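Contents: one structure, followed by commentary.
Numbered from 1 within each chain, the chains take letters A, B, ... in sequence-line order. If you're wondering where the values come from, they're calculated on a predicted model, not measured in any experiment.
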Number of protein chains: 2
Amino acid sequence: MARRTQADRSESTTGEIVDAAITLFGRDGYPAVSIDGIARAAGVTKGAVYHHFDGKTALLRAAFLHQEQRRALLLREAAAGSPDALAAVRAGCAAFLHSCLDPAVRQILLLDGPAVLGWQEVREIEAEHSVALLRRGLGAAVDEGRLRPGDLGIRTHLLLGALCEAGMLLARHADPTAALAAVTREVDALLDAFATPTGA
Amino acid sequence: MARRTQADRSESTTGEIVDAAITLFGRDGYPAVSIDGIARAAGVTKGAVYHHFDGKTALLRAAFLHQEQRRALLLREAAAGSPDALAAVRAGCAAFLHSCLDPAVRQILLLDGPAVLGWQEVREIEAEHSVALLRRGLGAAVDEGRLRPGDLGIRTHLLLGALCEAGMLLARHADPTAALAAVTREVDALLDAFATPTGA
DNA sequence: TGACATCACATACTAACGGTACGTAAGTTG
DNA sequence: CAACTTACGTACCGTTAGTATGTGATGTCA
């Protein structure tokens, strides 16, 4: 037993490489991390990295995707069990901000991702995960009559931009967890911009 | 006449270096630009660049500062002559979005700046220029009773984040100038979030 | 006004890093 | 078991950020 098939090896190796990439990129930032450093942290050599990934940007892409999928999962969990769509959106926003307490999330998802992969690609990836949840939530809230109709695409992006900025804002506070409450409050107030008069 | 003093030479050389940096960084992005490339575009050698600037990041810092000062100037001009503070904020937001039609502004101020200089430093620079205008405008609108009071620091950042995201959003439209109208409309709606019930 | 100091660069070089070429052992398939 | 593929390791190349040093023009002072 315990036969190490090639697929097993490949999968575990790529997994460790991605883990190392997330750790190093998340801690030191993309430009300060060398591929040799990632390889060393993963216990392999640069050759192994280049066998599994096309290059340094592909490495960041994998790290970004991993973090983004995880964030989408957290958003889903936070929104589950909400009484209505607007409450789900509020819970999702709170979870979004909470995820930004992780420095690696800020570094990879908010800073290096857009700069290295480009804004366009980053938003396309997010549009399939966390941002899709946000957008669907806003749409459902409109359907429920809790939010005023409007251009949902633009509105989602405005909210996303505010959330990303708020997430970075948390980091520079001495006590980010305490700041989380104040920021969440203002974000809730912002959501009221699109609420129907009766819905407040 | 036309005595070229050393201070003159120094000033004009640094000016051309910064101009070249803005052009190249703005077109190709920070990582794809070499210092030799900037030096060549400025008509000097790498030695001259390193004589005037501490390194590549200092070069981006100078480009960032230049663009940011220019943006602050545009915001001031746009807001001048507004009947009240809230109108001034709306005009400033529109001008902010308009400035994002320039690819170099997006690349340097929105993408490379935060990634290379760090979010903290970027926001500190902006806090002395365009963001100061935004914040003072919001404060004045609160004083005039047009906006609900609240945490002005957080609120300014939420608005800034939404504006930056909206600015990037403009770029991927086939006709950015047309999209500008739709985005500006939604941003105005967002400002209503903080407007007093009577102020709408 | 001539000697000397300083400034504004140019040139030559080093070290590090992204990426490629190639070799090899382990695994897979007919 | 032979032919082939996969999963790496090793050695190398080109580029680039940064440094060390040289040089000529400019400013200063006796």
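No hydrogens or angles were tested; on distance alone, nothing pairs the side chain of B:K56 with the base of D:dG18 as donor and acceptor under 3.5 Å. On a pure distance criterion of 3.5 Å, no polar donor-acceptor pair joins the side chain of A:K46 and the base of D:dG9.
Residues A:R155 and A:G150 come closest through the heavy atom pair NH2-CA, 3.5 Å. When every heavy atom of B:D112 is checked against every heavy atom of B:P31, the shortest pair comes out as OD1-CD, 4.3 Å.
B:D192 and A:R148 are not joined by a salt bridge, as no carboxylate oxygen comes within less than 4.0 angstrom of a charged side-chain nitrogen. Salt bridge annotation for B:R123-B:E128: absent, with no cationic side-chain nitrogen under 4.0 angstrom from a carboxylate oxygen.
The distance between atom CD of B:E16 and atom C1' of C:dA8, rounded to the nearest whole Å, is 14 Å. Rounded to an integer number of Å, the gap from A:L59 CG to C:dC17 P is 15 Å. For the pair A:E11 CD and D:dT6 P, the interatomic distance rounds to 17 Å; values are reported in whole Å. Rounding to whole angstrom units, CD1 of residue B:I17 and C1' of C:dA10 are separated by 13 Å. What separates CZ of A:F53 from P of D:dC8 is a distance of 11 Å, to the nearest Å. As a whole-Å value, the separation of A:D36 CG from C:dA15 P is 17 Å. In this structure, CZ of B:F25 is placed 12 Å from C1' of D:dA17, rounded to the nearest angstrom. One atom, OH of B:Y50, and another, C1' of D:dT19, lie 9 Å apart when rounded to the nearest Å.
Distances shorter than 4.0 Å separate some side-chain N or O of A:H52 from OP1 or OP2 on D:dC8.
If you check every strand for non-hydrogen atoms under 4.0 Å, A:G55 touches sugar and phosphate atoms only. At the heavy-atom level, A:T45 lies under 4.0 Å from base atoms of the strands shown. If you check every strand for non-hydrogen atoms under 4.0 Å, B:V33 touches sugar and phosphate atoms only.
Comparing A:I35 and A:G47 by the nucleotide of DNA chain C whose heavy atom lies nearest to each, the residue mapping closer to the 5' end is A:I35.
Listed nucleotides C:dC9, D:dC8, C:dG18 differ in distance to B:T13; the shortest reach to its side chain belongs to C:dC9. Here the side chain of B:H51 is nearest to one of C:dC9, D:dA17, C:dG18, namely C:dC9.
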| task | Verify side-chain hydrogen bond (donor to acceptor under 3.5 Å, both in side chains) between A:H129 and A:E68, making sure each step is shown before the conclusion. | result | CA-CA 7 Å; A:H129 301 91; A:E68 169 62 14; 4.5 Å; no
